[in-house]
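Quick notes on the structure that follows.
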Amino acid sequence: MGNREMEELIPLVNRLQDAFSALGQSCLLELPQIAVVGGQSAGKSSVLENFVGRDFLPRGSGIVTRRPLVLQLVTSKAEYAEFLHCKGKKFTDFDEVRHEIEAETDRVTGMNKGISSIPINLRVYSPHVLNLTLIDLPGITKVPVGDQPPDIEYQIREMIMQFITRENCLILAVTPANTDLANSDALKLAKEVDPQGLRTIGVITKLDLMDEGTDARDVLENKLLPLRRGYVGVVNRSQKDIDGKKDIKAAMVAERKFFLSHPAYRHIADRMGTPHLQKVLNQQLTNHIRDTLPNFRNKLQGQLLSIEHEVEAYKNFKPEDPTRKTKALLQMVQQFAVDFEKRIEGSGDQVDTLELSGGAKINRIFHERFPFEIVKMEFNEKELRREISYAIKNIHGIRTGLFTPDMAFEAIVKKQIVKLKGPSLKSVDLVMQELINTVKKCTKKLANFPRLCEETERIVANHIREREGKTKDQVLLLIDIQVSYINTNHEDFIGFANAQQRSSQVHKKTTIGNQGTNLPPSRQIVIRKGWLTISNIGIMKGGSKGYWFVLTAESLSWYKDDERIYEDDLQVSQPYQFLGVATRSSEDFGVLLLLECSFRALLPGCVGSEMRP
């Protein structure tokens, strides 16, 4: 690539920059550029004005640069400036350029010293400049000023990082020489994104303001904090010179004289100063564009090919064709239905790793939340025992009953079954809410069509709410069915008819358990015990006989007396014959409670009966 072609690289990138800005697109291709970074009053504006040879940047206290300024310098015979937002208008008076920058900044950020990442594009044509593109970023600040938000430092830092984190961006780190270089904000930020110093160019300003007897020689010779692209020292106009309207050309002459006369910088004077910095930046940017051009071209061609395929799909597109609109509508509705089904079935194209949703959450409601709600129901065993006792006595009335009435059993059981309505209806509400949430997630793909999205969500949600009422009616019906008929012939139900058959199996388990704890039934916590004469029951063979019953917290046991049974501190003397036991297991618990209530009602009238804790 010849020198002339090399010179055309920067203007080419400038045109691309303008094209992206005009389209309202950010630099997705990461165009090669130079970002100017530095703290407030570091001298960034003076450096840029020295490049142009004109005063055109806003000045003042606090944050002056509040929007990124994309400054494109173009070598030309005429001298004027153009703004991208003022196409066709040429500014020959650079005071007007300053006022336009201030007005455009206030238009976006307001008058409260706020900042914005929307850039201002300024192109300056002049015979005194080299082809160069720089991005002047807001100065790093620590303390909010005026109506600025408290996190202004964080906002500026984030804006700067958006530019300098790109690999195609060179970093121009401006640092004043009269401060400790180790505390330089610009170099600190550059070090974070460019730890090897490969993309960073150091600029040391205010060399003439250093304390007497000190100099920045080690820094400028790249010895103290070395950078791959080195450092360049410059001397800008002081505030007094600016207020006195000192000419920039005269200032550059004074700058040249300073380096030639200073003993610490005399030997490197030809590598110092604003003219040399401008040449270095021009060469560095040109070389950087050349190095990144192949990769840049590949990315550009890849995006171009992708866009061409997209354009081809719309080549024969007729917006007003009703059949196309109908087809597109049906496709979107069908896609919504497919997405909804996948989220419920668990085969969605996007897997949520942050929380349960869709079918997984409904599964959790059925298998975890519903059982939890049942367990959480308040259960007062003492109150339940009292209700059983009252039910039995109220059904017997003035008569003294012997057996547990079926009506008492049904009354107590039905009351417990009805309690399932609350958890069941709550589970229905939870499932309905999750279905509506799933609908909202599926309609996000229709966000480009707000009305379609809103109507789809409304119609499906209303349908779900309509089915909610019918679902609750069905759930209540199932519970009412269970309440209407108690099937005592079910295999899981234990009554007197099959108690004997299971008593032997339970006795074995109880014997093993008692052997392990060395506690016979008579040594467990006794709720009630006593004599009871029972007749005409299948499990009690031999007609009417007296038996010794022991009701504990874990089981109900009854014994036959061969000779005589003595009661002494919950002990039953030998010999005795063990007849059966009903344990407080999941199968026997219901009948155990009813038997216990029977004995509560019957035993007080029997010989030798008593209650112990």
Side-chain angles (χ1 to χ4, degrees), residues 1-22 31-34 36 44-59 68-104 119-136 170 172 201 203 232 234 236-237 241-242 245-256 270 273-290 293:
M1 184 178 292
N3 293 334
R4 184 175 181 81
E5 292 177 336
M6 290 287 288
E7 290 294 328
E8 291 297 325
L9 286 178
I10 295 178
L12 174 62
V13 174
N14 289 344
R15 290 195 294 272
L16 289 173
Q17 185 89 41
D18 292 345
F20 280 117
S21 299
L31 298 173
Q33 55 196 0
I34 299 177
V36 184
K44 298 189 290 84
S45 297
S46 296
V47 171
L48 298 181
E49 287 182 337
N50 287 348
F51 288 164
V52 178
R54 294 280 190 169
D55 294 324
F56 68 97
L57 293 176
R59 291 185 177 275
L69 177 64
V70 180
L71 178 61
Q72 300 173 353
L73 305 180
V74 181
T75 304
S76 174
K77 295 180 179 179
E79 187 175 28
Y80 61 94
E82 290 180 342
F83 286 96
L84 186 61
H85 63 273
C86 298
K87 288 186 177 181
K89 184 177 180 180
K90 295 183 179 181
F91 293 80
T92 56
D93 185 351
F94 281 85
D95 287 336
E96 293 183 8
V97 173
R98 180 188 304 109
H99 296 322
E100 181 60 30
I101 293 175
E102 294 174 346
E104 180 65 14
I120 299 175
N121 289 66
L122 172 63
R123 181 173 296 176
V124 176
Y125 297 85
S126 173
H128 310 297
V129 300
L130 297 176
N131 288 338
L132 188 62
T133 301
L134 300 161
I135 301 178
D136 186 21
L170 298 180
L172 190 67
I201 305 170
V203 176
V232 178
V234 297
N236 299 326
R237 293 177 298 168
D241 296 334
I242 295 173
K245 302 295 183 181
K246 184 177 180 179
D247 185 61
I248 293 181
K249 294 181 179 179
M252 295 180 68
V253 173
E255 177 189 47
R256 179 64 177 169
D270 58 334
T274 301
H276 177 73
L277 176 60
Q278 191 174 6
K279 292 178 182 178
V280 168
L281 295 180
N282 173 266
Q283 181 180 3
Q284 296 276 14
L285 182 59
T286 303
N287 293 337
H288 186 57
I289 294 174
R290 181 195 61 193
L293 188 60

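Below, each value reflects all heavy atoms present in this structure, side chains not excepted, and no hydrogens, waters or symmetry copies.
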Review point. Do we see a donor-acceptor contact under 3.5 Å between the side chains of Asn282 and Asn131?
Key: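 No, no side-chain donor-acceptor contact under 3.5 Å.
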How many angstroms lie between [atom1] in [X] and [atom2] in [Y], if you round to the nearest 0.5 Å?
| X | Y | atom1 | atom2 | value |
| --- | --- | --- | --- | --- |
| Asn236 | Met252 | CG | CE | 10.0 Å |
| Leu172 | Leu285 | CG | CG | 11.0 Å |
| Leu281 | His288 | CG | NE2 | 12.5 Å |
| Arg123 | Leu71 | CZ | CG | 11.0 Å |
| Lys279 | His276 | NZ | NE2 | 8.5 Å |
| Thr286 | Arg290 | OG1 | CZ | 9.0 Å |

Are [X] and [Y] packed together at the side-chain level, in the sense that at least one heavy-atom pair is separated by less than 4.5 angstrom?
| X | Y | answer |
| --- | --- | --- |
| Leu277 | Phe51 | yes |
| Leu122 | Phe56 | yes |
| Val124 | Phe94 | yes |
| Arg98 | Leu57 | no |
| Glu255 | Val234 | yes |
| Asn50 | Ile248 | yes |
| Lys44 | Asp136 | yes |

Check your understanding: Okay, side chain of Thr75, backbone of Val129: is any donor-acceptor separation there less than 3.5 Å?
Key ->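 Yes: the side chain of Thr75 pairs with the backbone of Val129.
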Please set out all donor-acceptor pairs under 3.5 angstrom arising from side-chain atoms of residues 78-86, sequence neighbours excluded.
unit_1: Glu79; atom_1: OE1; unit_2: Arg54; atom_2: NH2; d: 2.9
unit_1: Glu79; atom_1: OE2; unit_2: Arg54; atom_2: NE; d: 3.2
unit_1: His85; atom_1: NE2; unit_2: Glu100; atom_2: OE2; d: 2.8

Check your understanding: Any Lys/Arg nitrogen of Arg237 or Asp55 sitting under 4.0 Å from an Asp/Glu carboxylate oxygen of the other?
Key ->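 Salt bridge between Arg237 and Asp55, a charged N being under 4.0 Å from a carboxylate O: yes.
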Point to revise | Residues Val232, Thr274; criterion side chain to side chain contact (heavy atoms under 4.5 Å, CB included); working and verdict | key: CA-CA 9 Å; Val232 178; Thr274 301; over 6 Å; no
